[in-house]
Amino acid sequence: MTSRKLLMFVGLVLSVIVYQTLLADLLTVGSARPDLILILIVWLTLTRDLTWGVSFAFLAGIIEDSHTPQFLGLGAFLKIAGAVAVYLISRRVRTDRLIIKIGMVAAVVLAHDILYFLVVYSFDVQLGFATLFHTIIPSAAYTSVIAAVVLYLAERQLTIKFES
Amino acid sequence: MKWISFAVVKQKAFRTSLTLAAVSLLFLFLPKEARESVSAAIQTIFYSHFYGIKDKLNDQYEVLFKVYDINRQLNAKIVDQTLELTSLREHQKENERLRNLLGFKETLGYDLIPAEIIALDPKRRQNAVLSEISSEKSVSSNLPVVNVDGLVGKTTSVLNDLVTVELLTSPNCRVAARDANTRVLGIIRWVGGRHLLLDNVSLSDTVRVGDTIITSGLGGRFPENLPIGTISNVEVGRSPFFKTIDVAPFVDFGALDELMILKRSK
């Protein structure tokens, strides 16, 4: 990993920390909270490679998990699994269209949150269902909207760089 | 299975993924104390500085919000007072018009001539001598004398720059006065003691303890509306025709210092 790449990686991790401490509360609407980390994981896995995706997933996941010590590692594991899933899907499906990327973000957020809350609630399906409609689906929808903006801007930025 | 083993063995990215996933699961299955220690360490390393910044930003935001709130209140007050001021100005103009219509004399202004007491009758405090009168100001007798609290007395004689003042506490001093609330007229005089007496108020007139007594201007010597004191006691029955009304003067006649002579401006 070159120093430029390392710098970019550190910048991304820092942006996650800044987002979680300073911005996350401001962006929360009701029970829906955008998952910026998962958006970045999908974006890195699709535009860089799997190593980038899982490395970022592990570090950001562990940092995020430090808020809930009893489940330290769970978020990181699910995020790594999400990155691997995105990578495997991207090998079989064309992912150059923005809508596909947004769909992948929505699917990863849904899968991640459902599995996370199932483990947290000790596989209590009733409680899981309640959380699904109250928190998980609104968060996935909100994250998809944010992802649409972020991925569109990122794609445009890359195109401009390529053309210039 | 063949594909999985190929991926794991051949592809570096998958090996990295498996390693990191294993490390994550290792964290998840650590003893409770160890997990808490690791979490605390991560929080300290990554979050402590940012939470400090967040707290400071929150404080600044609260201060800004308070300032914004105070600003809104002050703006509302300014608007309120501007409206009140406009209304008062309109009332002033209306008052002037009505006075003109009714043929009232315009309330005349007075010049204030400052003076200092250089001598005071120490026992009975009936008279005082003033000095430091500027030679440019021609002072005559029978001019009202006041201080910041209210009416003090009137000038009686002038010799060079020395002026003698007859205080309200002199038995010879009489002032036409009225109750500021009920507009009842009377005469203020001193009959001994600490208080003044509001005389010539008939038994049927209404006056209340606490009412302010001011000059009525009817005697022609003192302008109207100069404060004199407040009613401290009202008695009925001592006189067959009048109420006995005690008035506590606003002016402390035992501590007179700077006085002003009121002279009608030309």
Side-chain angles (χ1 to χ4, degrees), chain A residues 1 10 12-26 37 41 44-45 48-88 90-92 112 115-116 119-120, chain B residues 1-69 72:
Chain A
M1 195 182 271
V10 171
L12 283 173
V13 173
L14 278 176
S15 69
V16 166
I17 296 167
V18 169
Y19 162 75
Q20 284 186 331
T21 49
L22 304 178
L23 300 173
D25 291 341
L26 297 175
I37 295 172
I41 289 168
L44 282 171
T45 309
R48 302 280 161 171
D49 63 13
L50 182 59
T51 310
W52 270 80
V54 291
S55 303
F56 181 73
F58 173 73
L59 202 56
I62 285 291
I63 290 170
E64 193 180 43
D65 286 346
S66 68
H67 289 291
T68 48
Q70 65 269 38
F71 299 109
L72 181 72
L74 176 63
F77 177 77
L78 291 174
K79 284 175 178 62
I80 291 167
V84 173
V86 167
Y87 177 74
L88 290 176
S90 71
R91 284 171 61 125
R92 292 171 183 273
H112 173 275
L115 289 171
Y116 187 87
V119 175
V120 168
Chain B
M1 285 297 286
K2 195 178 173 185
W3 180 80
I4 294 172
S5 61
F6 167 78
V8 170
V9 175
K10 294 283 179 188
Q11 290 211 18
K12 186 189 161 197
F14 276 106
R15 281 203 301 275
T16 311
S17 305
L18 272 177
T19 310
L20 291 175
V23 174
S24 301
L25 286 176
L26 189 70
F27 275 123
L28 190 60
F29 292 109
L30 277 175
K32 190 185 169 192
E33 292 77 22
R35 265 182 283 145
E36 283 174 355
S37 305
V38 173
S39 297
I42 293 169
Q43 289 272 324
T44 310
I45 295 166
F46 290 103
Y47 284 112
S48 57
H49 305 294
F50 289 101
Y51 277 125
I53 294 168
K54 188 189 179 185
D55 289 344
K56 277 182 186 169
L57 284 174
N58 276 346
D59 290 346
Q60 290 298 316
Y61 177 74
E62 276 177 23
V63 169
L64 267 177
F65 191 76
K66 274 183 191 166
V67 169
Y68 174 73
D69 203 36
R72 272 181 57 193

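Order of the sequence lines sets the chain letters (A, B, ...), proteins ahead of strands, with each chain counted from 1.
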Heavy atom to heavy atom, less than 4.5 Å: which residues from residues 33-41 of chain B reach chain A? B/Arg35, B/Glu36, B/Val38, B/Ser39

Would you say B/Phe14 and A/Val84 make side-chain contact, with heavy atoms under 4.5 Å? yes

Spatial distance of atom CZ (B/Arg15) from atom OG1 (A/Thr51) [nearest 0.5 Å]: 10.0 Å

Measuring from A/Asp49:CG to B/Lys12:NZ, what's the distance to the nearest 0.5 Å? 8.5 Å

If you measure from CG on B/Leu18 to CD1 on A/Ile80, what distance do you get to the nearest 0.5 Å? 9.5 Å

Taking C-beta and beyond as the side chain, do A/Phe58 and B/Phe27 meet within less than 4.5 Å on heavy atoms? yes

Name the residue from A/Ile62, A/Val54, A/Leu59 that meets the side-chain contact (heavy atoms from CB on, under 4.5 Å) definition with B/Leu20. A/Val54

If the condition is side chain to side chain donor-acceptor pair (under 3.5 Å), which residues does B/Gln43 pass it with, not counting sequence neighbours? A/Ser66, A/His67

Quick check on the interface: out of B/Leu25, B/Leu30, B/Thr16, who has the most heavy-atom pairs with chain A under 4.5 Å? B/Leu25

Looking at CD of A/Glu64 and CD1 of B/Ile42, how far apart are the two atoms once the value is rounded to the nearest 0.5 Å? 12.0 Å

Any heavy-atom pair between the side chains of A/Ile63 and B/Tyr47 that's under 4.5 Å? yes

